[in-house]
Amino acid sequence: MSNNNNNSKPRAQWASSIGFILAAAGSAVGLGNIWKFPGKAYNGGGSAFIVIYILIVALIGTSVMLAEFAVGRHGQKSPFGAFGKINNGKWAWVGALGLITAVIIVSYYVQVGGWVLKYIVAYLIDSASIYADPKGYFFNVLGVNGMPWEAAVIFPILFIVICIAILFGGVQGGIEKVNKVLIPGLFILLIVLTIRSVTLPGAMEGVKYLLIPDFSKVNGETFLTALGQAFFSLSLGMGIMSTYSSYVSKEENLIKNAGIVCCIDTCVAILAGFMIIPAVFAAGVEPGMGGSFAFVSLAGVFQSMPMGFIFGAMFYCLLLFAAITSAISLMEGPVAYLVEEHNIDRKKAIIGLSIFMFCLGIFYTLSQAFLPVKGVWFDAVNGMTTPGFGDFLEFLTDRLLIPVTAIACCVYVGWAWGPKKAAEELKYGGKEFSLENVWSILVKFVAPAAIILILVCSFATGTTLS
Ligand code: PHE
C-alpha cells in the first residue's frame, strides 16, 4: 500500500481479553438475535431449526469469524488497510466493501435505535395509548399523520449522540468499558424477561413448541434462512470482526475467543426464543419477526401481563443495549479507516461519519410512511421493482453486500493469503489449533459455496434470508 500512515501513536489495544470478547459479543448480539431469531425458530420447527442453526454456526460461522480475526490482527489496520496488506494492496477493495456495508447498515440501525428509545419512553409514560391501537400508534410514530420528528430526527439523534460519546472514549476507555456494563446488563434483562415469559399462564405450550423438534417444517429454505441469520447475527462480512481483532494483542488466543463469541451470540438468540415464543403463546399473539412484530404485536403481550408496561420498558431497554453495542461496532471500522488512511482526527471522523449516516438514515424512517422515497431492486420472481427506500437499503446490505463481502473474505483468506499463513497468525506464540485442516477446507470450499447459495437464492426467490 502506498499510504503513508504516519500516526506516531501506538495502535489502540483492548485492556483485557474479556474486554475483547465482550466487545465482539456486543457487536454480534443485536436486534437480529432478539427480533429475528425467535420468529425464524418458530417457522423452522422449534428445536429442529435451533439444531440446524447451531451446526451452521459451529461449522461455517466460526470459520469465517476466525478468518476475519486472522486478517484483522495480522493487518493491525482498519479493514481497508488489513485486507490491503498482501499483494501490494490488491485486495483492499474487500475491506472497502465491508466498510461501505457497515456505513449503510449503521445508517438505518441508528434510526431503529431511535424508535427503540421512543418506545422505552412511551411504555413508561403512555402505555395506554399503545395498547389502545398498537398498529395505529406505530404508524403514527412513523409518520402517517405528518412529519415523524421523534422517530426520524429527535430519538435517532439521541441514539447517535450516545454512540458518539462512547466512541470518543476510544477503544479501551469507550467501547470496552461500555460493553463490560451493557453485556452483563443485557443478560440480566434477558433472564428476568425470560422467567416472566415462561411463568405466564399458557406459556408452557410455547416452551414445548420450542423444545419438541418438528422436522416437517424443515425444508431447503430453512437451511438458507439459518445461514443468512448466522452471518448477520455474527456480524460477519462487514469488516467489523477484523477491526475489533486488529486491537487484539499477539498473546491472545483468537481460536478460543472466536468459539466463545459464537457461543455467547447463539446462547442469547436461543434465550430470546424462550423469552418471545412462550409469551406469544400465552397472550395468543401471532408469532412473527422484525420491526412490526417487535413494535406492534408484542404490545398484546405486555397488555396481557400485570404491570406489563414495566416489562415493556425492560424489553425495549434490552433492545437498546443490544443495538448500542452493535452500532458502535459498525461505526468503529469506518472511523479507524478515516483516521488511519486519511489522517483525520478521531473525533472529527466520528462526527463526520455521524452526520453522513444521519442524512442517509433519515430516509429509512421517512420512507416507511411519510415520504414515497423509493429504491430500485431486481429479482427473478418479481423482476424489476421499486421498493420503499428503507426496504431497498436492507435488500442492498442483506441480500447483496454482506454475502459478497463474506465470499470475498473467504477467497482472500482461503486462496490469496492462504489458510496456512492465516493459521500461523492464529497459532502465534504456540497456540494449539487442532482443527486447522478442517478449518482450511471450510474456509476454502464450504463457506464460500454456502454463501454463494444464499446470494443466488435470494435473487432467485426474491426473499431476504438473513
Ligand atoms: N449482529 C447484529 C445483530 O444480530 C447486527 C449487526 C450486523 C451488528 C452487522 C453489527 C454489524 O443484530
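This structure is a prediction, so every number in the text was calculated from the model and none was measured.
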Please tabulate, one pair per line, all N/O donor-acceptor pairs under 3.5 Å involving side-chain atoms of residues 380-393, not counting sequence neighbours.
from   : atom 1 : to     : atom 2 : distance (Å)
Asn382 : ND2    : Asp379 : OD1    : 3.3
Asn382 : ND2    : Asp379 : OD2    : 3.2

- Note on the structure: With sequence neighbours left out, the residues meeting side chain to side chain contact (heavy atoms under 4.5 Å, CB included) with Val411 are Trp91, Ile407, Trp415
- Message: Please evaluate residues Val218 and Phe223 with respect to the criterion side-chain contact (heavy atoms from CB on, under 4.5 Å), reporting the C-alpha separation (whole Å), side-chain torsions for both, the decisive distance (0.1 Å), and the verdict.
- Response: CA-CA 8 Å; Val218 174; Phe223 282 86; 3.8 Å; yes
- Donor-acceptor pair between Ser27 and Ser326 side chains, under 3.5 angstrom: no
- Query: Taking C-beta and beyond as the side chain, do Leu210 and Phe274 meet within less than 4.5 Å on heavy atoms?
  - Reply: yes
- Query: Are the ring centres of Trp377 and Phe459 closer than 6.0 Å?
  - Reply: yes
- Task: Working to the nearest 0.5 Å, report the span between CD1 of Ile328 and CG of Leu167.
- Result: 6.0 Å
- What about Tyr316 and Tyr119, are their ring centers closer than 6.0 Å? yes
- Do the non-hydrogen side-chain atoms of Val280 and Leu298 ever get within less than 4.5 Å of each other? yes
- Of all residues at least two apart in sequence or in a different chain, which pass the side chain to side chain contact (heavy atoms under 4.5 Å, CB included) check with Ile188? Val192
- Task: Heavy atoms only: give me the nearest Ala23-Trp14 pair and the separation to one decimal.
- Result: CB-CH2, 3.5 Å
- Do the side chain of Asp126 and the main chain of Ala122 share a donor and acceptor less than 3.5 angstrom apart? no
Quick one: side chains of residues 261-270, donor-acceptor pairs under 3.5 Å with protein atoms, not counting sequence neighbours, listed by atom name and distance.
from   : atom 1 : to     : atom 2 : distance (Å)
Asp265 : OD1    : Val29  : N      : 3.4
Asp265 : OD1    : Asn33  : ND2    : 2.7
Asp265 : OD1    : Ser233 : OG     : 3.4
Asp265 : OD2    : Ser233 : OG     : 2.7
Thr266 : OG1    : Cys262 : O      : 2.7

- Message: Which residues pass the side-chain hydrogen bond (donor to acceptor under 3.5 Å, both in side chains) test with Tyr137, not counting sequence neighbours?
- Response: none
- Message: Could you walk me through whether Phe315 and Ile276 satisfy the side-chain contact (heavy atoms from CB on, under 4.5 Å) test, starting with their C-alpha distance in whole Å, then the side-chain angles of each, then the deciding distance to 0.1 Å, before giving a yes or no?
- Response: CA-CA 10 Å; Phe315 172 76; Ile276 299 270; 4.0 Å; yes
- Message: For the OH atom on Tyr131, are there more than 12 heavy atoms of other groups (residues, nucleotides or ligands in this structure) within a distance under 6.0 Å?
- Response: yes
- Item | Residue pairs involving residues 150-168 (criterion side-chain hydrogen bond (donor to acceptor under 3.5 Å, both in side chains); sequence neighbours excluded) | Lys118-Glu150
- Mind jotting down which residue pairs meet the salt bridge (charged side-chain N to carboxylate O under 4.0 Å, His left out) criterion with at least one end in residues 56-69? Sequence neighbours excluded, please. none
- Under 3.5 Å side-chain donor-acceptor pair for Thr397 and Tyr108: yes
- Report yes if some heavy atom in the side chain of Tyr244 is under 4.5 Å from a heavy atom in the side chain of Val171; otherwise report no. no
Could you list the donor-acceptor pairs under 3.5 angstrom formed between side-chain atoms of residues 347-363 and any protein atom two or more places apart in sequence or on another chain?
from   : atom 1 : to     : atom 2 : distance (Å)
Ser354 : OG     : Ile350 : O      : 2.7

- Message: Quick check: closest heavy atoms across Val339 and Asp345, and the distance to 0.1 Å?
- Response: CG2-C, 4.5 Å
- Item | side-chain hydrogen bond (donor to acceptor under 3.5 Å, both in side chains) involving Asp214 - partner list, sequence neighbours excluded | Ser216, Lys217
- Exam field: side chain Ser63 to backbone Leu442, donor-acceptor pair closer than 3.5 Å: no
- Item | Under 3.5 Å: donor-acceptor pair, side chain of Thr243, backbone of Gly239 | yes
- How many angstroms lie between atom CG of Leu193 and atom CZ of Arg196, to the nearest 0.5 angstrom? 10.0 Å
- Task: Could you grab the distance from atom CG of Leu396 to atom OG1 of Thr101, nearest 0.5 Å is fine?
- Result: 8.0 Å
- Message: Can a side-chain donor-acceptor contact be found between Arg11 and Ser246 if the only test is distance below 3.5 angstrom?
- Response: yes
- Task: List the steps, then state whether side-chain contact (heavy atoms from CB on, under 4.5 Å) holds for Leu330 with Met238.
- Result: CA-CA 8 Å; Leu330 283 159; Met238 278 156 262; 4.0 Å; yes
- Task: Could you list the residues that satisfy side-chain hydrogen bond (donor to acceptor under 3.5 Å, both in side chains) with Asn87, not counting sequence neighbours?
- Result: none
- Query: Taking 4.0 angstrom as the limit, do Arg346 and Glu332 come out as a salt bridge?
  - Reply: yes
- Task: Determine whether more than 12 heavy atoms belonging to other residues, nucleotides or ligands lie under 6.0 Å from atom NZ of Lys177.
- Result: no
- Scan side-chain atoms only and decide if Tyr247 and Gln172 contain a donor-acceptor pair under the 3.5 Å cut-off. no
- Query: Any side-chain heavy-atom pair from Met147 and Leu366 closer than 4.5 angstrom?
  - Reply: yes
- Task: Identify whether the distance between the nearest side-chain nitrogen and carboxylate oxygen of Lys77 and Glu341 falls below 4.0 Å.
- Result: no
- At what distance, to the nearest 0.5 angstrom, does CD of Gln229 lie from CD1 of Ile52? 13.5 Å
- Item | Side-chain heavy atoms of Met241 within contact of Ser235, under 4.5 Å | yes
- Message: Are Phe80 and Trp93 an aromatic pair, judged by ring center distance below 6.0 Å?
- Response: no
- Item | Contacts of Thr62 that satisfy side-chain hydrogen bond (donor to acceptor under 3.5 Å, both in side chains) - sequence neighbours left out | none
- Message: Listing request: all ring pair (Phe, Tyr, Trp, His ring centres under 6.0 Å) pairs with a residue in residues 22-61, at least two apart in sequence or in separate chains.
- Response: Trp35-Phe295, Phe37-Phe49, Phe37-Tyr53, Tyr42-Tyr209
- Message: Working to the nearest 0.5 angstrom, can you tell me the gap between Leu320 CG and Ile120 CD1?
- Response: 4.5 Å
- Item | Minimum side-chain heavy-atom gap Asn179-Ile183 below 4.5 Å | yes
- With a 4.5 Å limit on heavy-atom distance, are the side chains of Ile60 and Phe231 in contact? yes
- Task: Would you check, one step at a time, whether the test ring-ring contact (aromatic ring centres under 6.0 Å, His included) holds for Phe302 with Tyr123?
- Result: CA-CA 10 Å; Phe302 300 124; Tyr123 266 90; 5.5 Å; yes
- Message: With side-chain contact (heavy atoms from CB on, under 4.5 Å) as the criterion, how do Leu227 and Ile451 come out once you've worked through the C-alpha distance, each side chain's angles and the decisive distance to 0.1 Å?
- Response: CA-CA 8 Å; Leu227 254 175; Ile451 313 165; 5.9 Å; no
- Does any non-hydrogen side-chain atom of Tyr412 lie less than 4.5 Å from one of Val71? yes
- With no hydrogens and no angle check, is any side-chain donor or acceptor of Glu340 less than 3.5 Å from a backbone partner on Ser78? yes
- Query: Does Gln76 reach the main-chain N or O of Arg73 with its side chain, forming a donor-acceptor pair under 3.5 Å?
  - Reply: yes
- Query: Which value, rounded to the nearest 0.5 Å, describes the distance between Gln111 atom CD and Phe155 atom CZ?
  - Reply: 12.5 Å
- Item | Side-chain donor/acceptor of Tyr364 to backbone N/O of Glu394, under 3.5 Å | no
